Undergrad: 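Before we start, here is the structure in question, set down as C-alpha coordinates.
Predicted model, so just to flag it, every value in this text is computed and none were measured.
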There are 2 protein chains.
Amino acid sequence: MEAKNKKMKMMTLDQLKDRDIGKIGTPERDKYEFDLRMELLGEMIKSVRKERNLTQEQLGELIGVQKSQISKLERSTKNVTIETILKVFRALKANVRFSVEMNESEFKVA
Amino acid sequence: MEAKNKKMKMMTLDQLKDRDIGKIGTPERDKYEFDLRMELLGEMIKSVRKERNLTQEQLGELIGVQKSQISKLERSTKNVTIETILKVFRALKANVRFSVEMNESEFKVA
DNA sequence: AAAAAAGTTATATTATATGGAAACTTTTGC
DNA sequence: GCAAAAGTTTCCATATAATATAACTTTTTT
(Lines give C-alpha, C1' and ligand atoms only; values in the text may rest on other atoms or scores of the structure.)
Protein backbone atom coordinates (compact mmCIF):
# COMPACT_ATOMS: atom_id res chain seq x y z
CA MET A 1 0.00 0.00 0.00
CA GLU A 2 1.42 3.44 -0.99
CA ALA A 3 0.63 6.87 0.37
CA LYS A 4 -0.14 8.56 -2.94
CA ASN A 5 -2.36 11.27 -1.66
CA LYS A 6 -0.07 14.13 -0.65
CA LYS A 7 -2.84 16.11 0.93
CA MET A 8 -3.77 13.34 3.31
CA LYS A 9 -2.88 14.30 6.83
CA MET A 10 -4.53 11.83 9.10
CA MET A 11 -7.02 9.04 9.04
CA THR A 12 -8.83 7.29 11.77
CA LEU A 13 -8.51 3.53 12.02
CA ASP A 14 -12.05 3.27 10.83
CA GLN A 15 -11.34 5.42 7.81
CA LEU A 16 -8.38 3.22 6.97
CA LYS A 17 -10.46 0.12 7.32
CA ASP A 18 -13.17 1.67 5.17
CA ARG A 19 -10.65 2.46 2.46
CA ASP A 20 -8.52 -0.65 2.55
CA ILE A 21 -10.90 -3.38 3.54
CA GLY A 22 -14.26 -2.04 2.54
CA LYS A 23 -17.15 -0.28 4.18
CA ILE A 24 -18.99 -1.86 7.05
CA GLY A 25 -21.71 -4.04 5.61
CA THR A 26 -19.74 -5.16 2.59
CA PRO A 27 -18.89 -8.86 2.60
CA GLU A 28 -15.15 -8.15 2.70
CA ARG A 29 -15.35 -5.88 5.67
CA ASP A 30 -17.78 -8.09 7.50
CA LYS A 31 -15.43 -11.00 7.06
CA TYR A 32 -12.59 -8.93 8.43
CA GLU A 33 -14.53 -7.86 11.47
CA PHE A 34 -15.59 -11.43 11.97
CA ASP A 35 -12.08 -12.81 11.70
CA LEU A 36 -10.97 -10.21 14.19
CA ARG A 37 -13.56 -11.35 16.66
CA MET A 38 -12.64 -14.98 16.18
CA GLU A 39 -9.02 -14.17 16.76
CA LEU A 40 -9.88 -12.44 20.00
CA LEU A 41 -12.00 -15.33 21.10
CA GLY A 42 -9.13 -17.70 20.44
CA GLU A 43 -6.78 -15.48 22.39
CA MET A 44 -9.31 -15.42 25.16
CA ILE A 45 -9.29 -19.20 25.44
CA LYS A 46 -5.54 -19.21 25.43
CA SER A 47 -5.17 -16.59 28.10
CA VAL A 48 -7.69 -18.18 30.42
CA ARG A 49 -6.06 -21.55 29.88
CA LYS A 50 -2.67 -20.07 30.76
CA GLU A 51 -4.21 -18.42 33.78
CA ARG A 52 -5.31 -21.88 34.90
CA ASN A 53 -1.85 -23.22 34.20
CA LEU A 54 -3.03 -25.82 31.77
CA THR A 55 -1.43 -27.14 28.62
CA GLN A 56 -3.53 -27.58 25.53
CA GLU A 57 -3.35 -31.29 26.16
CA GLN A 58 -4.67 -30.95 29.70
CA LEU A 59 -7.51 -28.71 28.62
CA GLY A 60 -8.24 -31.21 25.91
CA GLU A 61 -8.51 -33.97 28.49
CA LEU A 62 -10.94 -31.93 30.55
CA ILE A 63 -13.20 -31.57 27.56
CA GLY A 64 -12.49 -34.89 25.95
CA VAL A 65 -10.70 -33.78 22.79
CA GLN A 66 -7.19 -33.91 21.44
CA LYS A 67 -4.71 -31.10 21.92
CA SER A 68 -4.79 -30.40 18.20
CA GLN A 69 -8.40 -29.42 18.60
CA ILE A 70 -7.56 -26.91 21.29
CA SER A 71 -4.79 -25.52 19.17
CA LYS A 72 -7.24 -24.93 16.35
CA LEU A 73 -9.76 -23.25 18.56
CA GLU A 74 -7.10 -20.96 19.90
CA ARG A 75 -5.72 -19.94 16.56
CA SER A 76 -8.20 -20.72 13.88
CA THR A 77 -9.69 -17.90 11.87
CA LYS A 78 -12.61 -20.17 11.23
CA ASN A 79 -16.03 -20.16 12.69
CA VAL A 80 -17.11 -21.83 15.91
CA THR A 81 -20.41 -22.90 17.37
CA ILE A 82 -21.57 -21.47 20.65
CA GLU A 83 -21.74 -24.93 22.08
CA THR A 84 -18.02 -25.38 21.57
CA ILE A 85 -17.23 -22.05 23.13
CA LEU A 86 -19.33 -22.82 26.16
CA LYS A 87 -17.80 -26.26 26.48
CA VAL A 88 -14.31 -24.81 26.57
CA PHE A 89 -14.98 -22.02 29.02
CA ARG A 90 -17.02 -24.31 31.20
CA ALA A 91 -13.98 -26.56 31.50
CA LEU A 92 -11.94 -23.52 32.36
CA LYS A 93 -14.48 -22.54 34.97
CA ALA A 94 -15.01 -19.22 33.34
CA ASN A 95 -18.28 -17.55 32.53
CA VAL A 96 -19.22 -16.46 29.06
CA ARG A 97 -21.74 -13.73 28.62
CA PHE A 98 -23.55 -12.77 25.51
CA SER A 99 -25.23 -9.46 25.52
CA VAL A 100 -27.10 -7.59 22.87
CA GLU A 101 -27.50 -3.89 22.72
CA MET A 102 -29.52 -1.77 20.38
CA ASN A 103 -29.55 1.99 20.83
CA GLU A 104 -30.00 2.87 24.47
CA SER A 105 -31.55 -0.33 25.63
CA GLU A 106 -29.35 -3.27 26.48
CA PHE A 107 -30.57 -6.81 26.98
CA LYS A 108 -28.49 -9.40 28.69
CA VAL A 109 -28.57 -12.99 27.56
CA ALA A 110 -27.42 -15.70 29.95
CA MET B 1 -42.75 -34.94 39.75
CA GLU B 2 -44.27 -35.39 43.24
CA ALA B 3 -43.54 -33.60 46.47
CA LYS B 4 -42.85 -36.58 48.63
CA ASN B 5 -40.69 -34.93 51.19
CA LYS B 6 -43.03 -33.55 53.83
CA LYS B 7 -40.32 -31.76 55.72
CA MET B 8 -39.30 -29.74 52.72
CA LYS B 9 -40.18 -26.10 53.22
CA MET B 10 -38.38 -24.14 50.58
CA MET B 11 -35.83 -24.58 47.92
CA THR B 12 -33.97 -22.13 45.84
CA LEU B 13 -34.23 -22.41 42.09
CA ASP B 14 -30.68 -23.71 42.06
CA GLN B 15 -31.50 -26.39 44.58
CA LEU B 16 -34.43 -27.47 42.48
CA LYS B 17 -32.29 -27.60 39.39
CA ASP B 18 -29.64 -29.56 41.27
CA ARG B 19 -32.22 -32.09 42.41
CA ASP B 20 -34.34 -32.42 39.32
CA ILE B 21 -31.91 -31.89 36.50
CA GLY B 22 -28.57 -32.72 38.02
CA LYS B 23 -25.67 -30.88 39.57
CA ILE B 24 -23.78 -28.31 37.61
CA GLY B 25 -21.08 -30.06 35.66
CA THR B 26 -23.08 -33.18 34.95
CA PRO B 27 -23.91 -33.68 31.27
CA GLU B 28 -27.65 -33.45 31.94
CA ARG B 29 -27.38 -30.18 33.76
CA ASP B 30 -24.90 -28.72 31.33
CA LYS B 31 -27.25 -29.54 28.51
CA TYR B 32 -30.07 -27.85 30.35
CA GLU B 33 -28.07 -24.73 31.00
CA PHE B 34 -27.01 -24.74 27.41
CA ASP B 35 -30.53 -25.14 26.09
CA LEU B 36 -31.59 -22.32 28.32
CA ARG B 37 -28.97 -20.05 26.90
CA MET B 38 -29.89 -20.97 23.35
CA GLU B 39 -33.49 -20.32 24.07
CA LEU B 40 -32.66 -16.89 25.38
CA LEU B 41 -30.58 -16.14 22.35
CA GLY B 42 -33.50 -17.04 20.13
CA GLU B 43 -35.79 -14.90 22.20
CA MET B 44 -33.28 -12.14 21.90
CA ILE B 45 -33.40 -12.27 18.13
CA LYS B 46 -37.15 -12.26 18.23
CA SER B 47 -37.44 -9.34 20.58
CA VAL B 48 -34.96 -7.20 18.68
CA ARG B 49 -36.69 -8.08 15.44
CA LYS B 50 -40.03 -7.04 16.93
CA GLU B 51 -38.43 -3.87 18.22
CA ARG B 52 -37.45 -3.12 14.63
CA ASN B 53 -40.96 -3.94 13.48
CA LEU B 54 -39.87 -6.61 11.10
CA THR B 55 -41.51 -9.87 10.16
CA GLN B 56 -39.41 -13.00 9.96
CA GLU B 57 -39.72 -12.74 6.22
CA GLN B 58 -38.40 -9.20 6.16
CA LEU B 59 -35.49 -10.03 8.41
CA GLY B 60 -34.79 -12.99 6.18
CA GLU B 61 -34.66 -10.69 3.16
CA LEU B 62 -32.15 -8.46 4.90
CA ILE B 63 -29.87 -11.40 5.49
CA GLY B 64 -30.70 -13.35 2.40
CA VAL B 65 -32.46 -16.36 3.86
CA GLN B 66 -35.99 -17.73 3.97
CA LYS B 67 -38.38 -16.92 6.78
CA SER B 68 -38.26 -20.55 7.85
CA GLN B 69 -34.62 -20.09 8.65
CA ILE B 70 -35.35 -17.15 10.92
CA SER B 71 -38.08 -19.11 12.61
CA LYS B 72 -35.62 -21.88 13.31
CA LEU B 73 -33.05 -19.54 14.75
CA GLU B 74 -35.62 -17.94 16.99
CA ARG B 75 -36.99 -21.13 18.39
CA SER B 76 -34.55 -23.90 17.82
CA THR B 77 -33.02 -25.58 20.81
CA LYS B 78 -30.19 -26.42 18.49
CA ASN B 79 -26.78 -24.93 18.31
CA VAL B 80 -25.74 -21.95 16.24
CA THR B 81 -22.45 -20.68 14.93
CA ILE B 82 -21.20 -17.30 16.00
CA GLU B 83 -21.12 -16.22 12.41
CA THR B 84 -24.86 -16.76 12.11
CA ILE B 85 -25.57 -14.87 15.28
CA LEU B 86 -23.47 -11.95 14.16
CA LYS B 87 -25.10 -11.96 10.76
CA VAL B 88 -28.55 -11.72 12.28
CA PHE B 89 -27.79 -9.01 14.78
CA ARG B 90 -25.81 -7.09 12.21
CA ALA B 91 -28.91 -7.00 10.05
CA LEU B 92 -30.87 -5.82 13.06
CA LYS B 93 -28.27 -3.14 13.67
CA ALA B 94 -27.68 -4.42 17.15
CA ASN B 95 -24.37 -5.10 18.81
CA VAL B 96 -23.47 -8.44 20.25
CA ARG B 97 -20.88 -8.65 22.94
CA PHE B 98 -19.12 -11.71 24.19
CA SER B 99 -17.34 -11.38 27.43
CA VAL B 100 -15.50 -13.85 29.56
CA GLU B 101 -15.06 -13.60 33.25
CA MET B 102 -13.06 -15.73 35.60
CA ASN B 103 -12.99 -14.88 39.29
CA GLU B 104 -12.46 -11.17 39.75
CA SER B 105 -10.93 -10.41 36.40
CA GLU B 106 -13.17 -9.84 33.43
CA PHE B 107 -11.98 -9.77 29.85
CA LYS B 108 -14.04 -8.34 27.07
CA VAL B 109 -14.04 -9.92 23.68
CA ALA B 110 -15.15 -7.89 20.69
C1' DA C 1 22.94 -29.02 22.35
C1' DA C 2 20.11 -32.92 23.10
C1' DA C 3 15.83 -34.54 24.90
C1' DA C 4 11.29 -33.73 26.27
C1' DA C 5 7.27 -31.14 26.26
C1' DA C 6 4.16 -28.13 24.13
C1' DG C 7 2.06 -26.48 20.27
C1' DT C 8 0.90 -26.57 15.13
C1' DT C 9 -0.50 -28.36 10.69
C1' DA C 10 -2.26 -31.63 7.14
C1' DT C 11 -5.41 -34.99 5.93
C1' DA C 12 -9.46 -37.46 6.43
C1' DT C 13 -13.93 -38.62 8.55
C1' DT C 14 -18.22 -37.73 10.90
C1' DA C 15 -21.64 -34.92 12.78
C1' DT C 16 -24.37 -31.14 12.33
C1' DA C 17 -25.51 -26.28 11.17
C1' DT C 18 -27.28 -23.74 7.29
C1' DG C 19 -30.50 -23.33 3.98
C1' DG C 20 -34.57 -23.85 0.47
C1' DA C 21 -39.21 -25.44 -0.66
C1' DA C 22 -43.51 -26.39 0.50
C1' DA C 23 -47.14 -27.79 3.40
C1' DC C 24 -49.05 -26.76 7.54
C1' DT C 25 -50.71 -23.97 11.83
C1' DT C 26 -51.47 -19.86 14.28
C1' DT C 27 -52.45 -15.09 14.52
C1' DT C 28 -54.38 -10.86 12.82
C1' DG C 29 -57.48 -7.79 10.41
C1' DC C 30 -61.77 -7.12 8.49
C1' DG D 1 -65.94 -16.46 10.67
C1' DC D 2 -63.10 -15.82 6.65
C1' DA D 3 -59.09 -14.41 4.31
C1' DA D 4 -54.52 -12.91 4.49
C1' DA D 5 -50.35 -12.61 6.84
C1' DA D 6 -47.10 -14.41 9.88
C1' DG D 7 -44.92 -18.09 11.83
C1' DT D 8 -43.74 -23.17 12.16
C1' DT D 9 -42.47 -27.73 10.76
C1' DT D 10 -40.90 -31.36 7.72
C1' DC D 11 -38.01 -33.12 4.38
C1' DC D 12 -34.12 -32.70 2.07
C1' DA D 13 -29.37 -31.15 0.17
C1' DT D 14 -25.07 -28.88 0.94
C1' DA D 15 -21.53 -26.73 3.47
C1' DT D 16 -18.71 -26.76 7.15
C1' DA D 17 -17.57 -27.37 12.19
C1' DA D 18 -15.76 -30.88 15.22
C1' DT D 19 -12.75 -34.31 15.77
C1' DA D 20 -8.74 -37.93 15.50
C1' DT D 21 -4.30 -39.21 14.04
C1' DA D 22 0.15 -38.52 13.03
C1' DA D 23 3.89 -35.93 11.42
C1' DC D 24 5.96 -31.77 12.08
C1' DT D 25 7.85 -27.31 14.44
C1' DT D 26 8.74 -24.54 18.34
C1' DT D 27 9.73 -23.94 23.08
C1' DT D 28 11.42 -25.40 27.40
C1' DT D 29 14.21 -28.06 30.40
C1' DT D 30 18.28 -30.29 31.76
Side-chain angles (χ1 to χ4, degrees), chain A residues 27-28 30-92 94 96 98 100 109-110, chain B residues 27 30-92 96 98 100 109-110:
Chain A
E28 296 75 24
D30 280 350
K31 182 171 185 322
Y32 171 83
E33 301 287 357
F34 176 67
D35 288 347
L36 199 67
R37 256 175 246 252
M38 284 301 86
E39 195 181 298
L40 290 175
L41 199 51
E43 271 167 32
M44 214 58 256
I45 295 174
K46 183 170 182 174
S47 83
V48 177
R49 173 175 64 80
K50 294 262 178 191
E51 197 79 23
R52 298 298 193 204
N53 271 301
L54 295 171
T55 64
Q56 290 183 341
E57 192 160 29
Q58 290 171 322
L59 176 54
E61 275 161 27
L62 286 177
I63 302 171
V65 301
Q66 296 297 319
K67 61 180 183 171
S68 62
Q69 186 60 14
I70 305 296
S71 175
K72 277 180 204 154
L73 294 174
E74 286 185 359
R75 73 196 341 273
S76 168
T77 53
K78 286 194 148 197
N79 200 5
V80 203
T81 62
I82 296 211
E83 185 167 36
T84 300
I85 291 166
L86 293 179
K87 204 173 0 174
V88 171
F89 285 112
R90 204 184 279 139
L92 289 168
V96 194
F98 304 89
V100 178
V109 176
Chain B
D30 279 351
K31 182 172 184 320
Y32 170 83
E33 300 287 357
F34 175 68
D35 287 348
L36 198 68
R37 257 177 245 252
M38 284 303 85
E39 195 182 299
L40 290 174
L41 200 51
E43 270 169 32
M44 213 60 257
I45 294 172
K46 184 171 182 173
S47 84
V48 177
R49 173 175 65 80
K50 294 262 179 193
E51 197 80 21
R52 298 299 193 203
N53 273 300
L54 295 170
T55 65
Q56 292 183 340
E57 192 159 28
Q58 290 170 323
L59 175 55
E61 275 161 28
L62 285 177
I63 302 171
V65 300
Q66 295 297 108
K67 61 181 183 172
S68 61
Q69 186 60 14
I70 304 295
S71 174
K72 282 176 203 162
L73 293 175
E74 285 185 358
R75 71 194 344 269
S76 168
T77 52
K78 288 197 146 196
N79 202 7
V80 202
T81 62
I82 297 208
E83 185 167 34
T84 300
I85 292 166
L86 294 179
K87 207 177 349 180
V88 171
F89 285 113
R90 202 184 280 139
L92 288 167
V96 195
F98 304 89
V100 178
V109 175

Undergrad: State which residue, out of Arg49(A), Glu51(A), Glu43(A), Met44(A), fulfils the side-chain contact (heavy atoms from CB on, under 4.5 Å) condition with Ser47(A).
TA: Met44(A)
Undergrad: Gln69(B) has an atom CD; how far is it from atom P of dT10(D), in whole Å?
TA: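 Computing the Gln69(B):CD to dT10(D):P distance gives 15 Å.
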Undergrad: For Thr55(B), does its backbone N or O pair with a side-chain atom of Gln58(B) as donor and acceptor, under 3.5 Å?
TA: yes
Undergrad: Of the candidate nucleotides dG7(D), dA21(C), dT8(C), which contains the atom at the shortest distance from the side chain of Thr55(B)?
TA: dG7(D)
Undergrad: Nearest to the Gln56(A) side chain among dT8(D), dG7(C), dA17(C), which nucleotide is it?
TA: dG7(C)
Undergrad: Do the side-chain N or O atoms of Ser71(B) get closer than 4.0 angstrom to the phosphate oxygens (OP1, OP2) of dT8(D)?
TA: yes
Undergrad: About how many Å separate CD of Gln56(A) and NZ of Lys67(A), when rounded to the nearest 0.5 Å?
TA: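 Atom-to-atom, Lys67(A):NZ and Gln56(A):CD are 8.0 Å apart.
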Undergrad: Atom CG of Leu62(B) to atom C1' of dG19(C): distance rounded to whole Å?
TA: 17 Å
Undergrad: With a non-hydrogen cut-off below 4.0 angstrom, is Gly64(A) in contact with a base, only sugar-phosphate, or nothing?
TA: sugar-phosphate
Undergrad: Can you tell me which nucleotide in dT9(C), dG7(D), dT18(C) comes closest to the side chain of Leu73(B)?
TA: dT18(C)
Undergrad: Atom CD of Glu57(B) to atom P of dG20(C): distance rounded to whole Å?
TA: 12 Å
Undergrad: Grab the CD1-P distance between Ile45(A) and dA6(C) for me, whole Å please.
TA: 19 Å
Undergrad: So Lys87(A), base contact, sugar-phosphate only, or nothing? Heavy-atom distance under 4.0 Å.
TA: sugar-phosphate
Undergrad: May I ask you to evaluate whether Gln66(A) reaches the phosphate of dT19(D), defined as a side-chain N or O under 4.0 Å from OP1 or OP2?
TA: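 It does not, given that no N or O in the side chain of Gln66(A) lies less than 4.0 Å from OP1 or OP2 of dT19(D).
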Undergrad: Let's see if you can work this out: which of dT18(C), dG20(C), dT19(D) has an atom nearest to the side-chain heavy atoms of Val65(B)?
TA: dG20(C)
Undergrad: Kindly point out which of dG20(C), dG7(D), dT18(C) is positioned nearest to the side chain of Lys72(B)?
TA: dG20(C)
Undergrad: I want to check one thing: is the phosphate of dG7(C), taken as OP1 and OP2, less than 4.0 Å away from some side-chain N or O of Arg75(A)?
TA: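 Answer no for this pair, as no side-chain N or O of Arg75(A) is under 4.0 Å from OP1 or OP2.
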Undergrad: Establish, with yes or no, whether the OP1 or OP2 oxygen of dA6(D) is under 4.0 angstrom from a side-chain nitrogen or oxygen of Lys50(B).
TA: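 Indeed not, no polar side-chain atom of Lys50(B) lies that close.
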Undergrad: Whole angstrom is fine here: how far is it from NZ in Lys67(A) over to C1' in dT9(C)?
TA: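 That distance rounds to 12 Å.
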Undergrad: Quick check: does any side chain N or O of Asn79(B) sit under 3.5 Å from a backbone N or O of Thr81(A), one acting as donor and the other as acceptor?
TA: no
Undergrad: When you match Glu83(B) and Arg49(B) each to their closest nucleotide on DNA chain D, which lands nearer the 5' end?
TA: Arg49(B)
Undergrad: To the closest 0.5 Å, what do you measure between CG (Leu62(A)) and CZ (Arg90(A))?
TA: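 CZ of Arg90(A) is found 13.0 Å from CG of Leu62(A).
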Undergrad: Could you check how far CD1 of Ile82(A) sits from C1' of dA18(D), rounded to whole Å?
TA: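 The distance from CD1 of Ile82(A) to C1' of dA18(D) comes to 16 Å, rounded to the nearest Å.
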Undergrad: Expressed in angstrom and rounded to an integer, what is the separation of Asn53(B) atom CG from dA6(D) atom P?
TA: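 After rounding, the reported distance stands at 12 Å.
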Undergrad: Touch check for Thr84(A), heavy atoms < 4.0 angstrom, all strands: base, sugar-phosphate only, or nothing?
TA: sugar-phosphate
Undergrad: Does dT21(D) have OP1 or OP2 sitting under 4.0 Å from an N or O in the side chain of Ser68(A)?
TA: no
Undergrad: For the CZ atom of Phe89(B) and the CG atom of Leu41(B), what is their distance to the nearest 0.5 Å?
TA: 5.5 Å
Undergrad: Roughly, in whole Å, what's the span from CG in Leu41(A) to P in dA17(D)?
TA: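 Between P of dA17(D) and CG of Leu41(A): 14 Å.
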